[in-house]
Amino acid sequence: MTQQSLNRDTIAAVATAPGRGGIGVIRLSGPKALSIAQQICGDKPLKARYAHYRNFFHSEQLIDQGLALFFPGPNSFTGEDVVELQGHGGPVILDQLLKATIELGARQARPGEFSERAFLNDKMDLTQAEAIADLIDAGSAQAARNAMRSLQGAFSDKIEDLVESLTHLRIYVEAAIDFPEEEIDFLADGKVAADIQALLAQMAGVEAQARQGAIMREGMRVAIAGRPNAGKSSLLNALAGRNTAIVTDIAGTTRDILREDIHIDGMPLQFADTAGLRDAPDKVEQIGIERAWEEIHQADRVLLVMDAEQLHSLDPAEAWPEFTNQLQDLDKLTLVLNKIDLSDYSAGLQAHTQGVPVIAISAKTGAGLEALKEHLKQSIGFSGAAEGTFSARRRHLEALERARAFIEQGSQQLHSHGAGELLAEDLRQAQQALGEITGAMSADELLGKIFGSFCIGK
Ligand SMILES: Nc1nc2c(c(=O)[nH]1)N(C=O)[C@@H](CNc1ccc(C(=O)N[C@@H](CCC(=O)O)C(=O)O)cc1)CN2
Ligand SMILES: Nc1nc2c(ncn2[C@@H]2O[C@H](COP(=O)(O)OP(=O)(O)OP(=O)(O)O)[C@@H](O)[C@H]2O)c(=O)[nH]1
Ligand SMILES: [Mg+2]
C-alpha cells in the first residue's frame, strides 16, 4: 500500500443505486476493510479475489446472505484494500449492512470519495475520474462512448503529448538562458519560433476535439438572435414542438431569455430565445437586449434570424454591420432566413455568404427546420458514430485556452524583446495550466469541487 493510503481511515458506502434491486452492494475501502468484513462474514478468511458465499451477521443477528469479495491493495479500484459485500438489493438490508460497517469502525464515504482515492493512489488521472462520472451520467450512447474513450485515456494521452512537446521546448529555452556561453543563440536559429508554432498547432487540434467533447457532454449552447419580429420566438417554439415562448406581431415581445433543452439525434442542445436587438425606448426592453448580447457572446453558436422579406443583402456584414462588428467570432454565426412562406427567397440562395452559412426556413410551416437541425449537428462535427471524440468539460477547455494564451504571450515576448527569461516563465505557466487537466498539479479546492459532484458510493 502507498504511504498515502496508510494514513487514511476506512470508508464505506452503498455502491448501488438507491431503491430496490436484484442485488445491492456495500463497498469498503481502507486499512480496516478486511477486518470489518471478516467480523460480518465470520472468521473463515476471505481469500483475495474470490467470491465467497457467506452469511452477513452483525450483533449476533443475521442480516443477509450474500457474496463477499476481497481485493487487497494496491490491486483494487482505489489502490487500497477493498471489500465488497454483495447482498440483496433492499434499502433496509443495505442500510443495516452499512450501519454494521460503521459500528465496526468504517466511516460513511463522501460522494466521489472512492474515485478520489483511486486518483490519489495513481490508479487514474483526473480526466479518467471525471470520465467515470460522465459514463454514469451519460444520457445517450454517444455520450457513453465518449466517456469510455476518456476513461481509457484518450484525452490524458493527448495532454501528455502536449506536455512532452512543451517540456522539450522548455529544456531548450532554459539551457539557452543558463549557458549563454554555449552560443545557443536560440533567437537567431529560428528553432524556438518554429517549435512554438508547431506546439500551438498541436494545441489547437486538441482544443478543437475537447471543445466538441465538452459540447456533447454539456450541450451546445445556441443563441437565437436578431431584430424584433424576425420570428425568433416562433423558431424556438417550432424547435421545441410546443408553444413555450410568447409570439405576437408586436416588436419587442420577448424580454427575458427563455431556454429550452432539445435533443437532436441524441445531441443535447440548449436554445436561448432572446430579445430583439434594436435601440429600445423602453427600460425593460433595454435590459433584455443587454442580456441578449451576453447570451450571444457566450453561445457556442448564434442563429441570426432575419425576416426574408426585409432582407437587402445576404452578406451579414453588409446587411447588419453593427451586429458583425460586435460579434468578433463570426465562425459561430449562422444566418437564418425566416418567413420563406411569404416570399420565396430560397431560389438562388447560396449556402454560404462570406463564409457564413445560410439556412432558409419558415418557423410557421416548418419548412427548412430539418436542414437547420442537420446544420447544427454538422457545425460541431456530430455524427452518430463520431470516432476519436472523448468526453471533456469546460474546465478542461478553459485550462487549454489558458495554456495557449501563455504560449502566445511568450512567443510575443520573444519576438518583440528577445526576452528568453519571460518566454521561459510563460512556458512554465502553460505547463502548470495543462497539469490542472490531468491533475498532475491541482489545488485541493479544485479536487474537492470535482469529486464532490460525484454520486455517493462512487
Ligand atoms: N462489483 C464491482 N463491479 C464494478 C466495479 C466495482 O468496483 N465493483 N467498478 C468500479 O468502478 C467498475 C469496474 N472497475 C474496476 C476497476 C479496477 C478494479 C481493480 O481491481 N483493479 C486492480 C486490479 C486490476 C486487474 O486485476 O487487472 C488494479 O487496478 O490494480 C476493479 C474494478 C465497474 N464494475
Ligand atoms: N408568415 C410567417 N410569419 C411568421 C413566421 N415566423 C414568425 N412569424 C410571425 O412574425 C411575428 C413575430 O414573431 P415572433 O416569433 O414573436 O418574433 P420575435 O423575433 O420573437 O420578436 P421579438 O420577441 O419581438 O423580438 C408573429 O406575428 C409571427 O406569427 C414565419 O415563418 N412565417
Ligand atoms: Mg420573441
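Note: hydrogens, waters and symmetry copies are ignored here, and every other heavy atom, side chains too, is used. Counting starts at 1 for both ligands and their atoms, following the listed order. Just so we're clear, the structure is a prediction, and the values are computed from it rather than from any experiment.
Under the 6.0 Å distance and 45° angle rule, Arg49 does not count as a cation-pi partner of Phe70.
Atom numbering of ligand 2 starts at 1 in the shown order; those under 4.0 Å from a heavy atom of Leu342 are 1 (N). Every atom of ligand 2 with a heavy atom of Asp249 under 4.0 Å away is listed here by number and element: 27 (O). In summary, the atoms of ligand 2 found under 4.0 Å from a heavy atom of Gly276, numbered by their order in the structure, are 25 (O). Ligand 2 places these atoms under 4.0 Å from at least one heavy atom of Ala230: 19 (O). Taking a cut-off of under 4.0 Å to the non-hydrogen atoms of Lys232, the atoms of ligand 2 that pass are 15 (O), 17 (O), 18 (P), 19 (O), 20 (O), 21 (O), 22 (P), 25 (O). Atoms of ligand 2 found under 4.0 Å from any heavy atom of Ala251 (numbered from 1 in listed order, with element): 24 (O). Of all the atoms in ligand 2, the ones that sit under 4.0 Å from a non-hydrogen atom of Ile250 are 24 (O). Within the listing of ligand 2, atoms 11 (C), 12 (C), 13 (O), 16 (O), 26 (C), 27 (O) sit less than 4.0 angstrom from a heavy atom of Thr248.
Looking only at distances, a side-chain donor or acceptor of Thr10 sits under 3.5 Å from a matching main-chain atom of Lys32. A donor-acceptor pair is defined here as one N or O able to donate and one able to accept, closer than 3.5 Å; such a pair exists between the side chain of Gln38 and the backbone of Lys44.
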### Task
Decide salt bridge (charged side-chain N to carboxylate O under 4.0 Å, His left out) for Lys339 and Glu309; before the verdict, give the C-alpha distance in whole Å, the side-chain angles of both, and the deciding distance to 0.1 Å.
CA-CA 8 Å; Lys339 310 195 189 184; Glu309 197 132 27; over 6 Å; no

### Query
After noting the C-alpha distance and the side-chain angles of Arg291 and Asp256, does the key distance pass the salt bridge (charged side-chain N to carboxylate O under 4.0 Å, His left out) rule?
CA-CA 8 Å; Arg291 292 187 182 182; Asp256 277 327; 3.5 Å; yes

### Message
What verdict does the salt bridge (charged side-chain N to carboxylate O under 4.0 Å, His left out) test give for Glu113 and Lys458, after you've listed the backbone C-alpha separation in whole Å, the side-chain angles of each residue and the deciding distance to 0.1 Å?
### Response
CA-CA 7 Å; Glu113 204 171 359; Lys458 193 60 243 179; over 6 Å; no

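Within the 4.0 Å cut-off (strictly below), a protein heavy atom is located near atom 30 (O) of ligand 1. Within a 4.0 Å radius of atom 12 (C) of ligand 1, the protein contributes no heavy atom. For atom 9 (N) of ligand 1, no protein heavy-atom neighbour is found at a distance under 4.0 Å. Shown here, atom 6 (C) of ligand 1 is in close reach of the protein: a heavy atom of it lies under 4.0 Å off. Within a 4.0 Å radius of atom 3 (N) of ligand 1, the protein contributes no heavy atom. The nearest protein heavy atom to atom 27 (O) of ligand 1 is not closer than 4.0 Å. For atom 33 (C) of ligand 1, no protein heavy-atom neighbour is found at a distance under 4.0 Å. Distance remark: protein heavy atom present below 4.0 angstrom from atom 23 (C) of ligand 1.
Nearest-residue assignment for atom 20 (O) of ligand 1 (options Gly79, Ala118, Ser76; heavy-atom criterion): Ser76. Checking Asp341, Thr365, Asn237 against atom 1 (N) of ligand 2, the nearest heavy atom belongs to Asp341. Which of Lys339, Lys364, Glu285 comes nearest to atom 8 (N) of ligand 2 through a heavy atom is settled by distance: it is Lys339.
Side-chain contact between His297 and Val302 is absent, with no heavy-atom pair separated by less than 4.5 Å. At least one side-chain heavy atom of Leu434 sits less than 4.5 Å from a side-chain heavy atom of Leu400. Counting only heavy atoms from C-beta outward, the side chains of Ser156 and Met124 never approach each other to under 4.5 Å. Taking the side chain as every heavy atom from C-beta outward, Gln202 and Ser165 approach each other to under 4.5 Å.
Pro74 counts as a contact of ligand 1, since one of its heavy atoms falls under 4.0 Å from the ligand.
In terms of protein heavy-atom proximity, atom 17 (O) of ligand 2 is nearest to Gly231 N, 3.2 Å. At the shortest separation from atom 21 (O) of ligand 2 among protein heavy atoms lies Asn229 N, 2.9 Å. Nearest protein heavy-atom contact of atom 7 (C) of ligand 2 is Ser234 OG, 3.2 Å. Considering only non-hydrogen protein atoms, atom 29 (O) of ligand 2 sits nearest to Val247 CG1, 3.8 Å. For atom 31 (O) of ligand 2, the nearest protein heavy atom (residue, atom name, distance) is Ala363 N, 3.0 Å. Residue, atom and distance of the protein heavy atom nearest to atom 6 (N) of ligand 2 are Asn338 ND2, 3.1 Å.
Proximity of Arg49 to ligand 1, defined as any heavy-atom pair under 4.0 Å, is confined to the side chain (atoms from C-beta onward).
A donor atom on one side chain and an acceptor atom on the other are not found under 3.5 Å apart for Asn146 and Ser391. Judged purely by distance below 3.5 Å, without hydrogens or angles, the side chains of Thr274 and Glu295 never pair a donor atom with an acceptor atom.
The Mg ion (ligand 3) has no N, O or S atom of Thr253 closer than 2.8 Å. Here Ser233 reaches the Mg ion (ligand 3): one of its N/O/S atoms is less than 2.8 Å from the metal.
Of the polar atoms of Ala275, none of the N or O atoms is found under 3.5 Å from an N or O of ligand 2, judged by distance alone.
Other residues, nucleotides and ligands contribute at most 12 non-hydrogen atoms within 6.0 Å of the CD1 atom of Ile246.
Separation of the Phe155 and His396 ring centroids falls under the 6.0 Å cut-off.
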